[in-house]
Amino acid sequence: MHILILGGTTEARALAGLLHGRFRVTSSLAGRVASPRLPAGEVRIGGFGGVDGLVDWMAGHAVDAVIDATHPFAERISFNAARAAATAHVPLLALRRPGWVSVEGDDWRPVASLEEAARTLDGLGDRVFLTTGRMGLAAFADCPQWFLVRSVDAPDTAGPARTELLLDRGPFTLEGEREILARHRIDVVVTKDSGGAATAPKLRAAREAGLPVVVVRRPPVPAGVTAAASPEEAAAWAAARPGASRAR
């Protein structure tokens, strides 16, 4: 059985490790990170060319099941995967790590988009720790605040006029996040609700410092798509597919 994992996340790599050796596994990476951490099994890098391209690739490579383990905010590829799987009559599962849940002492400001996050910054402070990645910087281009922008790779689009770039890759530690907030005299944190433990320490650090956190809510899983919360659940789903005994 051939399983296509739409990957790029920690969970996708863990899932590939669980399935490799039991099935033929191909992980597809978008190619937006210069030096991605490669999973076990076969790997392809780059887009498919939309829904039709994904349908054609699945047919040409005899894909029996697809697991969408992309970032919770990779809305377009998730939509394309749902359309393509339905068109090709290939079973699809979405692997989504649980979102973060606020606790006592948190000062979260939930918003629906990066653009709303930019508008919400007014009155919250002048020094912003922006941890939403490099792809959405244009939403903050007109903001007057000073931004510490953390990203795996350097941005290739225009962002805020007052910016300092911090190139780094998680997982991050609580001690490290505390140090960043203190050293840069941060007033407010902006993040996406990515979930998971790798980038969560900034939330506790902000809570301890009494800082507001503007949290961009994640888009929902496409309608009609079954979701799993862990690589283990996704691996069990794969093992239950008809033809799963045909490992390779």
Side-chain angles (χ1 to χ4, degrees), residues 8-9 30 32-33 68 70-82 94 96-168 170 172 177 180-181 184-223 225 227:
T9 60
R32 291 178 176 174
V33 175
D68 172 15
T70 55
H71 191 277
F73 283 83
E75 191 170 7
R76 175 171 293 183
I77 185 58
S78 293
F79 174 81
N80 287 350
R96 293 290 184 272
R97 68 186 78 146
W100 292 317
V101 178
S102 62
V103 301
E104 184 177 356
D106 282 327
D107 180 9
W108 287 10
R109 315 295 176 95
V111 296
S113 66
L114 292 174
E115 289 74 17
E116 186 179 350
R119 295 192 297 269
T120 302
L121 290 176
D122 290 342
L124 293 182
D126 185 57
R127 300 181 67 83
V128 182
F129 186 23
L130 184 62
T131 66
T132 57
R134 67 188 178 95
M135 301 303 294
L137 287 184
F140 301 90
D142 296 328
C143 291
Q145 293 87 354
W146 177 89
F147 287 80
L148 177 64
V149 176
R150 182 163 67 192
S151 175
V152 175
D153 295 315
D156 53 9
T157 57
R162 302 168 59 205
T163 297
E164 180 175 331
L165 184 61
L166 175 61
L167 296 181
D168 203 357
F172 303 107
E177 301 293 63
I180 286 175
L181 297 184
H184 294 280
R185 307 189 311 281
I186 298 299
D187 298 315
V188 55
V189 177
V190 180
T191 186
K192 294 178 178 178
D193 179 15
S194 301
T199 60
K202 65 189 168 193
L203 301 174
R204 179 175 170 182
R207 181 169 66 248
E208 293 176 349
L211 302 181
V213 181
V214 179
V215 181
V216 182
R217 294 187 293 267
R218 62 173 61 180
V221 171
V225 176

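Everything numeric in this text was worked out from a predicted model, so none of it was measured. Positions are given from 1, in the same order as the sequence printed here.
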* Asked: Is there a side-chain contact between Trp146 and Ile186, using heavy atoms and a 4.5 Å cut-off?
  -> yes
* **Closest non-hydrogen atom pair, Glu116 against Ala112** => OE1-N, 2.9 Å
* **Where at least one partner belongs to residues 199-208, residue pairs that pass salt bridge (charged side-chain N to carboxylate O under 4.0 Å, His left out), sequence neighbours excluded** => Asp106-Arg207, Arg178-Glu208, Arg204-Glu208
Which atom pairs, one a donor and one an acceptor, fall under 3.5 Å between side chains of residues 210-222 and the rest of the protein, sequence neighbours left out?
| unit_1 | atom_1 | unit_2 | atom_2 | d |
| --- | --- | --- | --- | --- |
| Arg218 | NE | Asp193 | O | 3.1 |
| Arg218 | NH1 | Arg97 | O | 2.7 |
| Arg218 | NH2 | Arg97 | O | 3.3 |
| Arg218 | NH2 | Asp193 | O | 3.1 |
| Arg218 | NH2 | Ser194 | O | 3.0 |

* Could you check if a side-chain atom of Phe172 sits within less than 4.5 angstrom of a side-chain atom of Thr131, using non-hydrogen atoms only? => no
* Which distance, rounded to the nearest 0.5 Å, do you find between the NZ of Lys192 and the CH2 of Trp100? -> 11.0 Å
* Nearest-0.5 Å distance, CG of residue Asp126 to CZ of residue Arg185 -> 9.5 Å
* Does Leu203 reach the side chain of Glu177, with side-chain heavy atoms less than 4.5 Å apart? -> no
* Asked: Quick one: OG1 on Thr70 to CG on Asn80, what's the gap to the nearest 0.5 Å?
  -> 10.5 Å
* Asked: How far apart are the closest heavy atoms of Ser78 and Asp68, and which atoms are they?
  -> OG-OD2, 2.7 Å
* Would you call Asp187 and Leu124 a side-chain contact if the rule is heavy atoms closer than 4.5 Å? -> no
* Distance from Thr132 atom OG1 to Phe140 atom CZ, nearest 0.5 Å? -> 5.0 Å
* Do Ile77 and His71 have side-chain heavy atoms sitting under 4.5 Å apart? -> no
* To do: Assess whether side-chain contact (heavy atoms from CB on, under 4.5 Å) is satisfied between Met135 and Thr157, documenting all intermediate values.
  => CA-CA 8 Å; Met135 301 303 294; Thr157 57; over 6 Å; no
* State, without any angle test, whether Arg150 and Thr199 hold a side-chain donor-acceptor pair at a distance under 3.5 Å. => no
* How far does CG of Leu166 sit from OG1 of Thr163, to the nearest 0.5 angstrom? -> 12.5 Å
* How close do Ala154 and Arg134 get, heavy atom to heavy atom, and via which atoms? -> O-CD, 3.7 Å
* Answer yes when Asp107 and Arg109 have at least one side-chain N-carboxylate O distance shorter than 4.0 Å, and no when they do not. => yes
* Asked: What's the shortest heavy-atom distance between Val190 and Val128, and which atoms?
  -> CG2-CG1, 3.7 Å
* If you take all heavy atoms of Gly196 and Ala200, which pair is closest and at what distance? -> O-CB, 3.4 Å
* What is the distance from atom CD of Glu115 to atom OG1 of Thr120, rounded to the nearest 0.5 Å? -> 11.0 Å
* **Flag if over 12 foreign heavy atoms under 6.0 Å of CZ, Arg76** => no
